[in-house]
Amino acid sequence: MILRMSTLFLRTLREDPVDAEVPSHKLLVRAGYVRRAAPGIYSWLPLGYTVLRNVEAIVREEMNAIGAQEVHFPALLPREPYEATNRWEEYGDNLFRLKDRKGGDYLLGPTHEEMFTLLVKDLYSSYKDLPLALYQIQTKYRDEARPRAGILRGREFVMKDSYTFDVSDEAFMTSYLAHRAAYIKIFDRLGLDYVIVKATSGAMGGSASEEFLATAENGEDTYVRSPGGYAANVEAVTTPVPPPLPYDDEPAAHAEDTPDTPTIETLVAHLNERFPRADRPWHASDTLKNVLVILHHPDGTREPLAVGVPGDREVDEKRLQAQVEPAELEPFTEADFAAHPALVRGYIGPGVLGEKNASGIRYLVDPRVVEGTRWVTGANTPGQHVIDLVAGRDFTADGTIEAAEVRAGDPAPDGSGPLETARGIEMGHIFQLGRKYSEALGLQVLDENGKLVTVTMGSYGVGVSRAVAAIVENSHDDAGIVWPREVAPADVHIVATGKDDAVFEAASSLADELDAAGVRVLFDDRRGVSPGVKFKDSELIGVPTIVVVGRGLADGVVEVKDRATGEREEVAVGAAVDRLR
Ligand code: ATP
Ligand code: MG
Ligand code: MG
Ligand code: MG
């Protein structure tokens with residue numbers, strides 16, 4: 001294959017797109033891989049589409065290698081199956097819902113558990129049919145609260161999703177481990193620097209759950225790891241209760257010690273009086289425990305919008321008031337974190353008062369969170385403090401509540417040393433669905449004894465389009481993208497420089513010879529474009545090997561440059577094909 005830049009549908013840009021925050025977004029747009037069509041929705045240009053298909057090919061090969069079979073579902077789906085599993089509601093605003101001309105309800109699939117379950121139910125009825133693994137590479141739709149970072153978090157994106165069907169939990173484990181091994185191969189081949197972390201399965205249910213996170217500063221996931229190899233998404237970790245926060249000079253003084261402590265009812269009344277909320281009055285609930293929330297404007301007025309101390313125990317109102325003094329609302333500093341072991345960082349998302357998050361930690365959350373609002377939360381026990389967060393920026397984009405329950409230095413739950421925190425991009429997620437979907441949709445088979453059993457399922461996703469961006473996050477420099485060879489849009493980028501016809505002819509025959517040898521070539525055959533522009537473009541585009549055909553030709557040599565290391569080498573024209581194949 002030879003892509004000729006003189007005719008290639010490509011315009012590289014010198015300027016970063018204005019809406020781009022992270023390197024992959026900037027570079028993929030500037031280098032002409034993708035173009036924005038609408039927020040979180042992108043068109044793939046020839047180079048980008050080539051890379052996307054290369055990623056797909058790797059995923060497809062590794063799925064086929066474990067015996068998973070490829071199918072393809074529609075993206076436009078009927079409401080009923082999602083109604084049966086409650087996800088029509090549960091998905092909330094993230095679901096794209098639409099109506100057909102007769103008024104029937106449809107959705108654009110955010111993930112396809114229901115459809116796979118029903119298809120297998122349609123066709124299979126015996127334990128002899130199992131195990132079964134099916135997958136598809138499909139466009140998914142999620143109306144993400146804040147599509148950010150280009151194709152890293154799209155509202156339309158490409159996912160490989162697979163589903164396994166087994167007759168028992170033991171059999172399921174084999175399917176799970178086969179997928180896990182396949183994922184390791186996939187992410188190795190994609191050239192990603194990644195970690196495998198324990199994860200919660202969130203809304204999906206089930207117990208075994210692991211995420212493959214590409215390590216990246218810009219990642220939206222926070223995970224913890226220990227020197228001994230423990231690694232978990234912060235959502236999945238529970239830690240020992242830290243000591244009470246020394247709010248005042250007598251850290252040991254607790255509310256219970258104070259004779260005139262108001263009850264939670266007094267506090268709720270206080271909140272409703274001082275911070276009335278017509279839409280959702282403050283109320284006490286047994287899911288509100290030991291968490292203080294102070295919400296205030298980011299504009300410097302520091303006027304609290306809302307203050308709450310939930311709890312099933314009594315609270316010292318004086319202490320509460322001390323907390324809302326303006327001075328107390330200063331964001332914690334690094335020194336605070338160092339001085340107070342109970343201070344931890346984390347997230348709190350827009351949610352509902354008294355909502356319980358996936359990991360069982362309870363928060364008092366104002367449902368009216370708006371972009372730009374800062375939250376300060378504090379707690380005596382179990383020591384949750386979340387500060388200086390901006391809705392939309394820090395909250396998970398799909399609006400779920402996450403909390404950092406651990407802090408650097410905590411011991412790993414398995415005793416493998418102190419934890420440190422780091423950021424990552426979720427590239428893949430494998431988990432046990434158990435019988436949640438098979439039960440809801442009635443997927444049963446007859447076992448050896450002729451008894452009906454409900455099928456055990458697993459669900460496994462890879463962010464195919466996200467991988468394109470994550471690879472760039474992992475692998476770029478100031479000049480541009482540095483593709484690992486297997487996903488690169490070409491193996492070799494030939495740059496012909498100058499005006500000399502002989503140079504262009506020599507470059508062109510080198511391109512032909514490489515092509516004949518099975519090497520994928522991007523050939524900069526543009527006339528009247530300066531060498532400087534061509535070199536810049538070659539670095540921006542990021543093909544792993546750059547071959548400059550120019551002045552050296554008079555001496556019978558071309559220059560071979562390694563995009564990643566910058567190493568250059570002169571190679572005799574006649575030896576070039578052998579050197580590059
Ligand atoms: P995230 O935590 O990033 O929102 P998720 O946990 O909601 O992802 P899953 O439902 O586990 O995602 O989907 C499987 C995979 O699909 C993810 O591991 C990720 O790689 C990819 N993915 C999910 N949402 C998006 C998106 N909005 N844009 C691109 N890829 C996505
Ligand atoms: Mg999500
Ligand atoms: Mg996730
Ligand atoms: Mg996930």
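Along the sequence shown, residues carry numbers from 1. Whatever order the structure lists ligands and atoms in, that order sets their numbers, starting from 1.
On a distance-only criterion, Arg153 and ligand 1 share at least one N/O pair closer than 3.5 Å.
The shortest heavy-atom distance from Leu152 to ligand 1 is under 4.0 Å.
Closest heavy-atom approach to atom 14 (C) of ligand 1 among the candidates Glu156, Glu220, Met159, Arg142: Met159.
Atom OE2 is the N/O/S atom of Glu426 found closest to the Mg ion (ligand 4). Closest approach between the Mg ion (ligand 4) and any N/O/S atom of His429 involves ND1.
Applying the ring pair (Phe, Tyr, Trp, His ring centres under 6.0 Å) test between Tyr163 and each of Phe116, Phe73, Tyr437 identifies Phe116 as the sole match.
The closest side-chain donor-acceptor pair between Asn94 and Tyr141, if any, does not fall under 3.5 angstrom.
Below 4.0 Å from some heavy atom of Glu144 lie the following atoms of ligand 1, by number and element: 24 (N), 26 (C), 27 (N). Under a 4.0 Å criterion applied to the non-hydrogen atoms of Met427, ligand 1 contributes the atoms 18 (O), 20 (O). Counting the atoms of ligand 1 from 1 in the order shown, those under 4.0 Å from a heavy atom of Gly428 are 18 (O).
Cation-pi geometry between Arg97 and Trp88 is met: the NZ or CZ atom falls under 6.0 Å from the ring centre, inside 45° of the normal.
Both the backbone and the side chain of Glu426 come within 4.0 Å of ligand 1, judged by heavy-atom distances.
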